[in-house]
Protein chains: 2
Amino acid sequence: MPVAYAASEKRAELVRAATELLYRQGLQHTTLAEVAEAAQVPLGNVYYYFKTKEALAEAVIASHEQSLRLQFAAWAEAHGDPRKRLRRLVLAPLDMADGIVEYGCPHGSLCQELAKLVPGAPLAKAASRLLGTYVDWAAEQFRALECGPRESRALAGDLVAAIQGTMLLAHAMRSKDLLGHQLRRIERSIEDSLVRRSPRRHA
Amino acid sequence: MPVAYAASEKRAELVRAATELLYRQGLQHTTLAEVAEAAQVPLGNVYYYFKTKEALAEAVIASHEQSLRLQFAAWAEAHGDPRKRLRRLVLAPLDMADGIVEYGCPHGSLCQELAKLVPGAPLAKAASRLLGTYVDWAAEQFRALECGPRESRALAGDLVAAIQGTMLLAHAMRSKDLLGHQLRRIERSIEDSLVRRSPRRHA
DNA sequence: GTCTATAAATTGATAGAC
DNA sequence: GTCTATCAATTTATAGAC
């Protein structure tokens with residue numbers, strides 16, 4: 001193995017460990033010593049790959065964004081019908097229901113924590129981009145149906161807000177049932193609203 | 001002034017200061033030294049009123065609950081029609097739009113932070129109760145209309161989730177417009193769903 | 001590039017005078 | 001009840017050997 005490869009591997013391992021710990025504990029509760037231990041890297045070595053704790057957090061967010069884009073691409077590949085793509089978005093939390101009940105949404109909870117920093121901070125902007133990725137993609141799907149640009153943005157905002165709010169509630173109340181029931185209600189409400197404006201459904 | 005009064009006043013002042021700081025910075029980012037300074041109380045004195053930082057946080061949550069109950073009572077007093085009460089719930093964030101865009105929902109963001117603790121922790125349970133207060137009250141209003149018990153719980157969950165999700169999005173994206181537009185869409189969607197099941201509207 | 005040791009700063013909590 | 005001084009632990013970050 002080339003040295004450069006091993007180095008990248010360690011860096012990637014740090015990001016992996018940090019992603020997991022930030023999800024379960026949040027940024028503030030997570031120490032670099034914990035990340036280093038989980039990644040099996042000495043503490044001092046962390047600073048070789050990331051200048052500060054903040055830089056590591058930025059890498060974690062970038063990794064989340066990358067995963068999201070891959071996920072969206074996979075759904076687009078799997079379903080030609082934008083309605084089915086949106087359906088996947090709504091029901092995706094069910095695939096990790098236990099984690100969401102215990103730790104919340106990996107993206108939503110991180111955004112909530114990071115948004116409370118000064119607006120100019122790099123981490124605050126990164127958090128904004130992360131949720132924005134959801135809204136943008138959802139809006140694209142509505143756009144591919146019969147919705148105008150403004151209506152698509154509004155519907156996408158409604159949808160992402162409903163999903164995020166549901167995960168927050170399910171997390172705070174520690175209720176897997178609530179998560180399942182409410183996501184399915186969102187799924188139904190979105191189909192209702194699309195039925196009205198998309199006759200193709202009966203074509 | 002009796003000593004007991006002055007003592008209670010200082011305690012109350014600490015809770016007030018902590019409430020404000022927890023809203024703007026979250027629990028982890030807020031130090032007891034900051035709270036003490038904002039309340040104009042020496043640091044060491046804080047521990048006379050609250051045994052630990054956690055105890056202070058519990059007092060803050062209890063204060064939030066109390067405020068919520070007062071708010072709900074005021075709305076119930078002002079409007080005999082449950083529909084109008086729910087309308088107040090949905091649009092209430094607009095009265096503090098600037099704060100929500102900058103710091104998020106005072107209750108939602110606190111719940112998100114505290115829910116990530118071990119489930120058994122007193123603070124985690126307190127956070128759950130806080131959001132539960134919203135859902136319970138909303139469910140009562142639906143119940144007072146023509147909704148059955150299960151449907152009322154479901155509608156209340158949808159509503160609170162939509163409101164919370166909207167505030168999260170508006171906070172993360174720092175958009176006051178998004179907050180206003182989406183809350184009004186929630187208002188409309190709830191009226192639509194109630195129209196269908198509450199003929200009294202046309203009586 | 002890797003790792004140990006440690007500096008520097010922060011912060012929750014306590015001791016003890018008044 | 002009130003307040004100063006300080007402890008003890010934690011944690012970000014760096015120095016410097018290898």
Side-chain angles (χ1 to χ4, degrees), chain A residues 1-22 24-61 113-114 116-118 121-124, chain B residues 1-22 24-61 110 113-114 116-118 121-124 126:
Chain A
M1 288 302 182
V3 175
Y5 175 75
S8 302
E9 264 309 301
K10 279 204 173 176
R11 194 195 137 98
E13 189 54 39
L14 281 167
V15 173
R16 256 194 298 274
T19 300
E20 177 69 14
L21 285 167
L22 259 58
R24 284 174 13 205
Q25 307 179 335
L27 179 62
Q28 284 305 307
H29 276 100
T30 301
T31 69
L32 290 176
E34 284 176 309
V35 176
E37 188 187 357
Q40 292 184 309
V41 166
L43 172 59
N45 207 348
V46 173
Y47 289 90
Y48 176 76
Y49 296 101
F50 302 97
K51 199 184 163 197
T52 63
K53 186 183 185 184
E54 191 173 88
L56 175 58
E58 282 186 72
V60 168
I61 294 179
E113 185 179 3
L114 299 183
K116 264 200 186 183
L117 308 172
V118 279
L123 280 182
Chain B
M1 286 306 183
V3 175
Y5 175 74
S8 303
E9 263 308 302
K10 278 203 175 178
R11 195 195 136 98
E13 189 55 37
L14 280 168
V15 173
R16 256 193 298 274
T19 300
E20 177 69 16
L21 285 166
L22 259 60
R24 283 171 18 201
Q25 307 180 334
L27 179 61
Q28 286 303 310
H29 276 101
T30 300
T31 70
L32 290 175
E34 283 176 310
V35 175
E37 188 187 358
Q40 291 185 310
V41 166
L43 172 59
N45 207 347
V46 172
Y47 288 91
Y48 176 75
Y49 295 102
F50 302 98
K51 201 184 163 195
T52 62
K53 186 184 185 182
E54 190 173 271
L56 175 58
E58 282 186 72
V60 167
I61 294 178
L110 197 53
E113 184 179 2
L114 298 183
K116 265 200 186 184
L117 308 171
V118 279
L123 280 182

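A note on names: the letters A, B, ... follow the listed sequences, proteins ahead of strands, and every chain is numbered from 1.
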- Kindly calculate the angle separating the two end axes of the helix from C/dG1-D/dC18 to C/dC18-D/dG1, each obtained from five base pairs, and round it to 10 degrees.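 Inter-axis angle at the ends, rounded: 10°.
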Could you check how far [atom1] of [X] sits from [atom2] of [N], rounded to whole Å?
{"X": "A/L27", "N": "D/dT12", "atom1": "CG", "atom2": "P", "value": "9 Å"}
{"X": "B/L14", "N": "D/dC3", "atom1": "CG", "atom2": "P", "value": "11 Å"}
{"X": "A/R11", "N": "C/dG1", "atom1": "CZ", "atom2": "C1'", "value": "15 Å"}
{"X": "A/Y49", "N": "D/dT12", "atom1": "OH", "atom2": "P", "value": "19 Å"}
{"X": "B/F50", "N": "C/dT14", "atom1": "CZ", "atom2": "C1'", "value": "18 Å"}
{"X": "B/E37", "N": "C/dT10", "atom1": "CD", "atom2": "P", "value": "14 Å"}
{"X": "A/N45", "N": "C/dT2", "atom1": "CG", "atom2": "P", "value": "6 Å"}
{"X": "A/E34", "N": "D/dA9", "atom1": "CD", "atom2": "P", "value": "18 Å"}

- Message: Show, in sequence, the C-alpha distance, side-chain angles and deciding distance for B/L56 and B/L32, and conclude whether the side chain to side chain contact (heavy atoms under 4.5 Å, CB included) test is met.
- Response: CA-CA 9 Å; B/L56 175 58; B/L32 290 175; 3.8 Å; yes
- Does OP1 or OP2 of C/dG1 have a side-chain N or O of A/Y48 closer than 4.0 Å?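 Yes, such a contact exists.
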Show each protein N/O and nucleotides 13-17 of chain D N/O combination with a separation under 3.5 Å, one pair to a line.
residue, atom, partner, partner atom, Å
D/dA13, OP2, A/K53, N, 2.9
D/dA13, N7, A/Y47, OH, 3.3

- State which of C/dT4, D/dT11, D/dT4 makes the closest approach to the side chain of A/P42.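 Of the candidates, C/dT4 comes closest.
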